[in-house]
Amino acid sequence: MQGLVEFVKTLGVTRIAAMAAVAVALIGFFAFIILRVTAPQMTVLYSDLAIEDASAIMKELERQAIPYVARNDGTLIMVPKEQVTRLRMKMAESNLPKGGGVGYEIFDKSDALGATSFVQNINHLRALEGELSRTIRALDRVQTARVHLVLPERPLFSRDKPEPSASIVLKLRGSLDTQQVRAIRHLVASAVNGLKPNRVSVVDETGRLLADGADDQVQGFSLGADERKVAFERRMRDQVEQIVSSVVGPGRARVQLTADFDFNRITQTSDRFDPEGRVVRSSQNREESSASSDGRDNQVTVGNELPNARQQPGDNQNQKQDQSKKSEEIVNYEISRTTKTEVIEGGRVNRISVAVLVDGNYTRNDQGQVVYAPRDNAEIDRIAALVRSAIGFDQKRGDQVEVVNLRLAEAPGATLAPPNDLLERLALTKDDIMRGVEMLVMLLLGLVVLFFVVRPLVRRIITPEKVAEVAAATGLVAAGPNVALVGSEQAVAISNHTSAMIDIAQVQGQVHAQSVQKVGELAEKNPHETVAIIRQWLHDTP
């Protein structure tokens with residue numbers, strides 16, 4: 001203890017304070033590393049949260065005393081990985097997150113007795129907009145959604161009722177095709193009474209109009225011609241690329257497809273008469289008969305004019321009679337007639353052209369080098385047949401399909417990757433790799449601080465004191481080599497500090513050379529004192 005106290009006294013207050021500061025800094029640094037390494041692994045509980053939902057979730061986590069980390073201005077909350085599943089179930093039990101909008105839960109805590117009809121109507125509109133926003137946000141590519149509904153009331157003494165309308169603002173993850181936009185419009189229209197899909201406008205976060213809310217039946221297909229053409233080409237290209245990639249491998253084929261559309265709307269009306277399909281519509285029969293005679297009966301006499309006059313027996317000999325009969329029949333037939341009106345809508349495919357570029361085969365030779373080999377013609381023909389079947393090839397329509405085998409510029413890295421990767425055998429996930437990298441960085445940082453910060457500070461605190469003590473004891477001056485011997489006691493002091501002189505030589509080269517030379521001179525001039533010093537060393541050595 002006395003030696004320790006003497007050592008502390010020789011250090012001085014300044015060096016003791018410096019050593020204490022270094023010790024405190026080291027303790028804090030290594031405590032940070034230990035806490036960081038032993039801290040639980042955090043993972044995402046919820047992301048893309050609204051401010052209201054984030055505040056409610058944080059309060060719930062603080063109430064349960066669960067550590068959490070909030071990032072991205074509170075929109076992302078991270079919790080310990082082993083508690084994610086349980087916390088999500090607990091949050092779902094508390095109806096969290098609510099989606100950032102107000103739904104039908106607005107009526108759970110409202111005072112229905114003290115609310116006016118105006119407040120009830122506004123709350124109903126807010127609830128309906130919030131529920132529609134949550135439903136749209138459930139789609140895969142939709143990140144956030146805002147829905148605005150206009151539900152006009154029917155004015156008094158008015159026969160016409162204004163139609164409702166809606167507008168939707170979407171923040172997307174990627175892009176939506178025409179079918180998905182149409183699905184959103186029909187979804188909103190089906191949830192609102194009296195709302196038609198063509199009265200719903202859809203806009204994305206960049207201000208691009210996805211649906212203008214105009215009447216599609218009036219405008220026809222003229223406004224959406226380009227979109228329809230692009231959607232058709234994309235769908236057909238994806239089908240062809242999918243079936244070709246399944247044969248040659250993913251990323252080993254390039255497909256380009258062009259479709260020629262006819263967007264003219266044609267209306268045709270035709271009448272067809274069938275002569276075999278006769279039907280009697282009306283018939284008319286007419287018969288006429290007449291008789292005439294020559295003789296006395298034709299004479300105007302008193303006897304002929306008398307009523308019930310009888311003809312005398314001898315009168316028929318001189319009488320001639322003429323009779324005629326006429327029959328007429330009129331039949332009207334109805335011939336069968338077919339009237340056909342055909343409306344040919346725009347958007348007919350006139351021709352499809354497909355260009356398919358497939359890569360060849362890659363193998364390794366005996367030296368381990370990658371060797372390219374083109375595909376044979378039979379395989380190219382089979383691929384072309386698959387492409388024709390996929391697009392509905394019609395030679396009369398003028399369709400064209402070209403399949404060419406050429407070597408792609410990029411190397412097939414995924415195809416020739418060595419099997420049984422180390423990561424696959426160890427079953428390491430991305431989180432495990434990031435955790436290992438983090439611990440390795442902490443270890444390297446600790447070693448850097450230890451060797452490049454702590455060690456120089458400690459040496460700088462201790463070494464100058466030894467240099468001063470040795471210089472004072474030996475009477476050395478750093479500026480020159482003149483050192484005198486002042487007595488045997490000084491020689492003994494010099495011998496006690498020989499080891500210290502050796503340490504000084506590592507820092508200051510000139511002092512080292514001069515000190516060694518002076519020690520030799522002292523030993524030659526004072527042999528008895530030198531022997532005494534050596535004996536003292538042997539006696540002190542345990």
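As the structure is a computational prediction, the values presented were derived from the model and not from experiment. When reading the values below, keep in mind they use all heavy atoms of this one structure, side chains included, and skip hydrogens, waters and symmetry mates.
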inquiry  = Within the 4.5 Å heavy-atom criterion, are I352 and D260 side-chain neighbours or not?
reply    = no
query = Hey, does the side chain of R141 reach the backbone of S175 with a donor-acceptor pair shorter than 3.5 angstrom?
reply = yes
key: Stepwise side chain to side chain contact (heavy atoms under 4.5 Å, CB included) check, Y362 with V371   = CA-CA 6 Å; Y362 292 89; V371 178; over 6 Å; no
request  = Measure the NE2-CG distance between H148 and L132 for me, rounded to the nearest 0.5 Å.
outcome  = 12.0 Å
Extract all donor-acceptor atom pairs below 3.5 Å that involve side chains of residues 231-240 and protein atoms in other chains or at least two apart in sequence.
unit_1 : atom_1 : unit_2 : atom_2 : d
E233   : OE2    : K229   : NZ     : 2.6
E233   : OE2    : A259   : N      : 3.1

query = What heavy-atom pair brings P162 and D160 nearest, and what distance separates the two atoms?
reply = CD-O, 3.8 Å
query = Could you state the interatomic distance from OG (S353) to CG (L257), rounded to the nearest 0.5 Å?
reply = 8.0 Å
request  = Please name the pair of heavy atoms, one in R199 and one in L195, separated by the smallest distance, quoted to 0.1 Å.
outcome  = CB-CD1, 3.9 Å
message = Keeping Q268 on the side-chain end and V343 on the backbone end, is there a donor-acceptor pair under 3.5 Å?
response = no
request  = For the pair R252 (side chain) and G360 (backbone), establish whether a donor and an acceptor sit closer than 3.5 Å, ignoring hydrogens and angles.
outcome  = yes
query = Would you call I184 and V181 a side-chain contact if the rule is heavy atoms closer than 4.5 Å?
reply = no
task = State whether the number of non-hydrogen atoms from other residues, nucleotides or ligands found under 6.0 Å of R173 atom CZ is greater than 12.
result = yes
inquiry  = On a heavy-atom basis, which atom in S201 and which in D212 lie closest, and how many Å separate them?
reply    = OG-O, 3.3 Å
note = CG (N193) and CG (L151) are apart, to the nearest 0.5 Å, by 9.0 Å
inquiry  = If only side-chain N and O atoms count, and only distance matters, is there a donor-acceptor pair under 3.5 Å linking R375 with N361?
reply    = yes
key: E153 atom CD: more than 12 heavy-atom contacts under 6.0 Å   = no
ask   = Could you state the interatomic distance from CZ (R351) to OG1 (T258), rounded to the nearest 0.5 Å?
value = 9.5 Å
task = Sequence neighbours left out, what passes salt bridge (Lys or Arg N to Asp or Glu O under 4.0 Å) with D262? Give chain and number order.
result = R348
key: Expected output: side-chain R88 to main-chain L45 donor-acceptor under 3.5 Å   = yes
task = Answer whether the closest heavy-atom distance between the side chains of Y46 and L76 falls below 4.5 Å.
result = no
task = Give the intermediate values and the outcome of salt bridge (Lys or Arg N to Asp or Glu O under 4.0 Å) for residues R382 and E379.
result = CA-CA 5 Å; R382 289 194 295 268; E379 186 176 2; 5.2 Å; no
ask   = With a 4.5 Å limit on heavy-atom distance, are the side chains of V244 and L386 in contact?
value = no
request  = Might you confirm whether atom CD of E402 has over 12 heavy atoms from other residues, nucleotides or ligands at distances under 6.0 Å?
outcome  = no
message = Between the side chains of K171 and E205, is the shortest nitrogen-to-carboxylate-oxygen separation below 4.0 Å, so that they form an ion pair?
response = no
key: Closest non-hydrogen atom pair between V354 and V356, with its separation   = CG1-CG2, 3.7 Å
key: Distance-minimising heavy-atom pair for L406 and Y372   = C-OH, 3.6 Å
request  = List the steps and the verdict of side chain to side chain contact (heavy atoms under 4.5 Å, CB included) for V230 and T178.
outcome  = CA-CA 10 Å; V230 171; T178 307; over 6 Å; no
inquiry  = Quick test of your reading of the model: are D399 and R397 salt-bridged, counting only N-O distances below 4.0 Å?
reply    = yes
query = Rounded to the nearest 0.5 Å, what separation is found between the CG atom of L209 and the CG atom of D204?
reply = 9.0 Å
Only distances under 3.5 Å count here; give the side-chain donor-acceptor pairs of residues 55-69 to other protein atoms, sequence neighbours excluded, each with its distance to 0.1 Å.
unit_1 : atom_1 : unit_2 : atom_2 : d
E60    : OE2    : R63    : NH2    : 2.5
E60    : OE2    : Q64    : NE2    : 3.0
E62    : OE2    : Y68    : OH     : 2.8

task = Check whether any side-chain heavy atom of L357 lies under 4.5 Å from a side-chain heavy atom of L408, and answer yes or no.
result = yes
N/O donor-acceptor pair under 3.5 Å between S245 side chain and Q242 backbone = no
task = Check the surroundings of atom CD in E342: do more than 12 heavy atoms from other residues, nucleotides or ligands lie under 6.0 Å from it?
result = yes
ask   = With the threshold set at 4.0 Å, does a side-chain nitrogen-carboxylate oxygen contact exist between R337 and D271?
value = yes
request  = Would you indicate whether the side-chain heavy atoms of E163 and K196 approach each other to under 4.5 Å?
outcome  = yes
key: Minimum heavy-atom distance between P197 and A189, given as atom pair plus value   = N-CB, 3.6 Å
Evaluation steps, side chain to side chain contact (heavy atoms under 4.5 Å, CB included), between Q369 and R364 = CA-CA 5 Å; Q369 299 177 353; R364 292 185 181 274; over 6 Å; no
request  = Could you tell me the separation between the CG atom of L210 and the CZ atom of R185, rounded to the nearest 0.5 Å?
outcome  = 10.0 Å
message = Using side-chain heavy atoms (C-beta onward) and a distance below 4.5 Å, is R86 in contact with M89?
response = no
query = Taking side chain as C-beta onward, heavy atoms only, is I136 less than 4.5 Å from V147?
reply = yes
inquiry  = Taking CZ in F118 as the centre, count heavy atoms belonging to other residues, nucleotides or ligands within less than 6.0 Å. Is the count above 12?
reply    = no
